[in-house]
Amino acid sequence: MKTEMELADILDRCLEQVRAGAPVTEVLRQYPDEAEQLRPMLALVVGLELLPDPGCSLERALPSLVKAAEEHKRQTTHKATAKTAWWFRFWRPQTMRRTNKEAATVRWFSFRPVPLLYRLAAVTTVMVILFWGAGTISADAVPGDFLYPLKLLTERVKFFLTINSENKVELRIVFSSERLREAIRLHQRDGTLDPKLLQQMLEEARQAVQLSLGLPKTSRELLVAQTEHLSQFQGQTLEQFKQQLPEQEQAAVAPYVEMSGRRAAWMRQMCDDWRGETNAAPPQSNAAPGQNDRRYWMDMCPE
Amino acid sequence: MENESEVAEVLDKARRGETEAVATLCAQFYPKIMRYMRYRVGDQVAEDLTGDVFLRVIRNLARQNGSFAAWLYKIAANVVNDHIRKLKTHPEVAMDENKPQSEIPASGSSPAQSVGKKLDLEAALGLLTDDQRQLVTLKFVQGLSNEEVAEVLDRTPGAVRVLQFRALSALRRLLPEYGGAP
């Protein structure tokens, strides 16, 4: 007794032979045990293949073919115009690309899958907006504020994302000014003097000069001159600020005033040297030997 | 346009947007799809559904690969499935004259008894299961190979052979002149 699978295979082989033109009786002779079962099936197949044609006339088919041709024309036109409106294809809802009949079943906001490139662009845009928003919101924060760490983070990210060295120096100059602003604002608001901010002010200015020294001559001169003006301005501002402080706090601010002034003087001297103007005398002080070396003032920050 | 290479040539032209090639394809395959539809859903809706098949074909022509016949019949099978699904979800749409042959109600205890001696081959097809009817239509009415039928039905060629055996056995049982119950 053969299994259904075996019978199915035998039937298929018989069908192939009959289709190839072999007489049914001859085909069945190869399978005498199954012949009785297979004979009516092969006859059925012959009957099926002789089933009448639906009698499809061209007239009846015409409306469907015209509809298909219109669809083809519409599609071809769409392809031709699509090149000039790729952005429109990106956001256009599916309903607009479908026929009215299908549109009814599609929700208006169902977009087609967005390509990876567009997704990346969208994520980048969102990140830029978030970054810009965070920078704006936290711009006035001072140490102790909830948003102050966000402000520092934004500064670091901005510095990290800046590739051009000249822009990096300019950022250092901006950060240095910002530290002084924070120190004054913090004192005005809470009456607290935070020398750490003044240290950071000097450190940012120092790094600005260090970075400038590695740049081409023109940029270097310009940026060191800019830092010199900054240091001079910071020295003057701190001097005014010092006058408003109690005596004890004045002593804490004094080294920063002096150092800003010294640095400004030494930077002016450097610029004059580069320009070949040696007539300007280097700033002298009654500081200990070695302290007249500009590198001493460049590298030193008050503890 | 009988052999595969001729079909492929016309397909290439149709994909490039040549309207004449599209018309040739439609004219060539329209009667075959119409015939398939007639055996699957009946005369009344066959024309509408055949039209839908060709609309889908034109829309997706660029994505077609492999056997065109298998792809075409697969689209046709999907159109029929969508139609049947719609009939189930919106029974008010299903008028008597639109009913596919498969949904002819059996009043007796068995399909053979319900149609009695008047049952002919065409009517017996309507009493097969959907898969069996589809196989018989594709293979014996449309003349597709086992591999093409397997692609349309999403089955292996082995499963197609078994389904073919069962379909022919069922038809045989339904028809007295082929050795079935009188």
Side-chain angles (χ1 to χ4, degrees), chain A residues 2-16 18-19 34-80 97-99 101-102 105, chain B residues 14 16-19 22-23 25-27 30-39 43 46-59 61-62 120-122 124-125 136-137 139-141 143 145-146 157-169 171-172 175 177-180:
Chain A
K2 292 212 163 35
T3 62
E4 188 185 43
M5 187 71 155
E6 288 167 333
L7 284 170
D9 288 342
I10 292 171
L11 173 66
D12 197 58
R13 281 198 290 273
C14 291
L15 283 172
E16 289 299 316
V18 171
R19 269 188 171 180
E34 293 80 26
E36 278 311 302
Q37 198 179 353
L38 295 179
R39 193 186 310 279
M41 291 190 188
L42 294 178
L44 258 172
V45 170
V46 174
L48 283 167
E49 289 179 339
L50 293 173
L51 274 176
D53 201 58
C56 162
S57 70
L58 193 62
E59 271 177 38
R60 287 172 70 186
L62 211 56
S64 297
L65 290 175
V66 167
K67 208 171 151 190
E70 280 170 0
E71 168 75 10
H72 180 253
K73 195 177 172 185
R74 194 184 64 77
Q75 228 177 39
T76 316
T77 317
H78 170 69
K79 270 182 194 168
R97 291 193 299 275
R98 288 165 182 257
T99 60
K101 191 179 170 187
E102 282 176 321
T105 60
Chain B
R16 285 200 297 269
E18 286 184 27
T19 311
V22 175
L25 267 184
C26 291
Y30 192 93
K32 292 183 179 181
I33 296 298
M34 182 73 182
R35 197 176 191 199
Y36 170 84
M37 286 296 176
R38 189 179 166 233
Y39 286 115
D43 285 337
E47 269 182 51
D48 288 345
L49 297 191
T50 306
D52 285 351
V53 169
F54 282 94
L55 285 181
R56 287 195 195 186
V57 165
I58 287 170
R59 261 179 226 150
L61 207 53
D120 61 3
L121 191 50
E122 209 174 313
L125 270 177
V136 169
T137 315
K139 179 145 185 192
F140 304 117
V141 181
S145 68
N146 278 354
V160 166
R161 285 197 292 276
V162 173
L163 186 65
Q164 169 182 267
F165 178 77
R166 287 180 186 167
L168 291 175
S169 301
L171 274 179
R172 188 192 152 196
L175 297 160
E177 65 265 39
Y178 292 99

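Worth knowing before you read on, the calculation uses all heavy atoms, side chains too, and leaves out hydrogens, waters and symmetry mates. Order of the sequence lines fixes the chain letters, A, B, ..., with proteins taken first and strands second; residue numbering starts at 1 for each chain.
Neither the backbone nor the side chain of T137(B) comes within less than 4.5 Å of any heavy atom in chain A. Looking at V160(B), there are no atoms closer than 4.5 Å to chain A (heavy atoms on both sides), in backbone or side chain. Neither the backbone nor the side chain of R39(A) comes within contact range of chain B, judged by heavy atoms closer than 4.5 Å.
Of all heavy-atom pairs between A8(A) and R161(B), the closest is CB-O, 3.5 Å. The two residues D12(A) and Q164(B) have their closest heavy-atom pair at OD1-NE2, 3.1 Å.
Residues F165(B) and E6(A) have side chains not in contact (no heavy-atom distance under 4.5 Å, counting atoms from C-beta outward). Looking at L168(B) and L42(A), their side chains never come closer than 4.5 Å, going by heavy atoms from C-beta outward.
E34(A) meets the side chain to side chain contact (heavy atoms under 4.5 Å, CB included) test with K2(A), L7(A), I10(A), Y31(A), L38(A); sequence neighbours excluded. In this structure, the side-chain hydrogen bond (donor to acceptor under 3.5 Å, both in side chains) partners of R166(B), at least two apart in sequence or on a different chain, are E4(A).
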Going through the checks in order, is the side-chain contact (heavy atoms from CB on, under 4.5 Å) test met by M5(A) and V162(B)?
CA-CA 6 Å; M5(A) 187 71 155; V162(B) 173; 3.3 Å; yes

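Looking only at heavy-atom pairs under 4.5 Å with chain A, the residue among V53(B), V141(B), N146(B) that has the most is N146(B).
Interatomic distance, CZ of R19(A) versus CZ of F140(B), reported as 6.5 Å (0.5 Å rounding).
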